[in-house]
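Okay, structure first, notes after.
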Amino acid sequence: MSGAVDFIVSGERIFGIENGHPLMSKVTGMGCTATALIGAFQAVNSDATIAATHAMAVMGIAGEIAAEKSTGPGSVQVNFLDTLYNLKAEDITNRLKLITS
Ligand SMILES: Nc1ncnc2c1ncn2[C@@H]1O[C@H](COP(=O)(O)OP(=O)(O)OP(=O)(O)O)[C@@H](O)[C@H]1O
Ligand SMILES: Cc1ncsc1CCO
């Protein structure tokens with residue numbers, strides 16, 4: 001379930017990702033983008049729950065970096081793609097807001 005907090009729920013395990021930016025909800029197709037990223041992460045991680053959590057962390061962190069560089073939804077859309085392309089491991093370690101149950 002996506003939103004201000006993304007919840008990844010599977011059986012007994014619940015993870016929350018508190019990254020992202022409200023402007024992301026103003027860009028049509030961000031949900032589909034999240035689905036595509038989750039699919040890509042499934043291809044390289046046999047733990048589907050962790051793969052989805054990692055994907056949403058990258059989604060949210062790229063989204064908040066993009067939004068910080070933007071003046072509205074149009075620039076968020078373009079900056080999101082560039083931020084994803086340029087994302088560094090340190091961006092994830094510095095910004096990750098993970099909630100564990
Ligand atoms: N208020 C918010 N704060 C932080 N991140 C948000 C917020 N709203 C949405 N997001 C982020 O935007 C991304 C897309 O989620 P959203 O809930 O907007 O999808 P959606 O409505 O299904 O999208 P669409 O229908 O446009 O494809 C997620 O990564 C989510 O974390
Ligand atoms: C189906 C669809 N078409 C444009 S946006 C959208 C929702 C997926 O993000």
Side-chain angles (χ1 to χ4, degrees):
M1 184 172 65
S2 66
V5 180
D6 300 310
F7 290 102
I8 298 92
V9 182
S10 170
E12 302 281 298
R13 292 192 291 177
I14 304 176
F15 297 103
I17 298 289
E18 237 180 325
N19 297 98
H21 191 283
L23 269 178
M24 293 171 77
S25 65
K26 305 293 183 195
V27 179
T28 306
M30 274 295 185
C32 290
T33 304
T35 304
L37 268 185
I38 291 168
F41 277 74
Q42 299 298 329
V44 293
N45 191 336
S46 58
D47 186 327
T49 311
I50 300 300
T53 304
H54 288 175
M56 293 313 290
V58 164
M59 182 82 199
I61 290 167
E64 69 191 37
I65 295 170
E68 287 165 13
K69 295 176 177 168
S70 302
T71 52
S75 40
V76 169
Q77 185 177 31
V78 172
N79 283 327
F80 177 81
L81 295 176
D82 286 349
T83 303
L84 207 52
Y85 179 77
N86 290 305
L87 202 67
K88 304 281 184 293
E90 67 193 52
D91 295 323
I92 297 168
T93 51
N94 290 341
R95 287 177 178 264
L96 181 65
K97 292 184 192 164
L98 172 69
I99 302 166
T100 53
S101 54

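Starting from 1, each residue takes its place in the sequence as its number. Both counts, for ligands and for their atoms, begin at 1 and track the order of listing. Only a predicted model underlies this, so the values are computations on that prediction, with no experimental measurement involved.
Heavy-atom distances between G63 and ligand 1 stay at or above 4.0 Å for every pair. Note on ligand 1: M56 sits in its first shell, one or more heavy atoms being nearer than 4.0 Å. Using a 4.0 Å heavy-atom cutoff, I17 is absent from the residues neighbouring ligand 1.
The two residues N19 and R95 come nearest to each other via the heavy atoms ND2-O, 2.7 Å. Closest approach of N86 and K88 over heavy atoms only: O-NZ, 2.9 Å. The nearest pair of heavy atoms linking M30 to F80 is CE-CG, 3.7 Å. For the pair M59 and A34, the tightest heavy-atom approach, listed with the atom from each and the gap, is SD-CA, 3.7 Å.
At under 3.5 Å, not a single nitrogen or oxygen of M30, backbone or side chain, sits near a nitrogen or oxygen of ligand 2.
Below 4.0 Å from some heavy atom of C32 lie the following atoms of ligand 1, by number and element: 27 (O). Within ligand 1, counting atoms from 1 as listed, the ones closer than 4.0 Å to a heavy atom of V27 are 26 (O). Heavy-atom proximity to M59, at under 4.0 Å, picks out these atoms of ligand 1: 29 (O). Against a heavy-atom cut-off of under 4.0 Å, T28 is close to the following atoms of ligand 2: 5 (S). If you number the atoms of ligand 2 from 1 as listed, the ones under 4.0 Å from a heavy atom of C32 come out as 6 (C), 7 (C), 8 (C), 9 (O). Under a 4.0 Å criterion applied to the non-hydrogen atoms of T28, ligand 1 contributes the atoms 26 (O). The ligand atoms of ligand 1 that sit less than 4.0 angstrom from a heavy atom of S2 are 15 (O), 16 (P), 17 (O), 19 (O).
Residue I92 is not grouped with residue I99 when hydrophobic side chains (ILVMFWY) are merged at heavy-atom distances under 4.5 angstrom, including chains of intermediate members. Both I50 and I61 belong to a common hydrophobic cluster when Ile, Leu, Val, Met, Phe, Trp and Tyr are linked at side-chain heavy-atom distances under 4.5 angstrom. L96 and I14 fall into different hydrophobic clusters, where Ile, Leu, Val, Met, Phe, Trp and Tyr residues are linked whenever their side-chain heavy atoms come under 4.5 Å apart, directly or through other members. Connection of L87 to Y85 is not established within any shared hydrophobic cluster, with ILVMFWY side chains joined at heavy-atom distances below 4.5 Å, either directly or through further cluster members.
With respect to atom 30 (C) of ligand 1, the closest heavy atom belonging to the protein is D6 OD1, 3.3 Å. When hydrogens are left out, the protein atom nearest atom 1 (N) of ligand 1 is P22 CA, 3.7 Å; that is the closest non-hydrogen contact. Protein heavy atom in closest approach to atom 2 (C) of ligand 1: A4 CA, 3.6 Å. Nearest non-hydrogen protein atom to atom 6 (C) of ligand 1 is G3 O, 3.4 Å. At the shortest separation from atom 27 (O) of ligand 1 among protein heavy atoms lies G31 N, 2.8 Å.
When A62, G29, S25, A34 are checked for heavy-atom proximity to atom 18 (O) of ligand 1, S25 turns out nearest. Counting only non-hydrogen atoms, the option in M1, K26, E18, M24 that gets closest to atom 11 (C) of ligand 1 is M24.
Remark: H54 NE2 to I38 CD1 distance equals 12.5 Å, nearest 0.5 Å. Between M56 atom CE and F7 atom CZ the span is 11.5 Å, to the nearest 0.5 Å.
By the definition of a contact as any protein heavy atom under 4.0 Å away, atom 25 (O) of ligand 1 is not in contact. Atom 1 (C) of ligand 2 lies below 4.0 Å from none of the non-hydrogen atoms of the protein.
Residues L98 and I17 have side chains in contact (heavy-atom distance under 4.5 Å, counting atoms from C-beta outward). When side chains are defined from C-beta on, F15 counts as touching T100, because their heavy atoms get closer than 4.5 Å. Side chains of R13 and D47 form a contact here, defined as non-hydrogen atoms less than 4.5 Å apart.
Only the backbone of H21 comes within contact range of ligand 1, with a heavy atom under 4.0 Å; no side-chain atom does. Proximity of M30 to ligand 1, defined as any heavy-atom pair under 4.0 Å, is shared by backbone and side chain alike.
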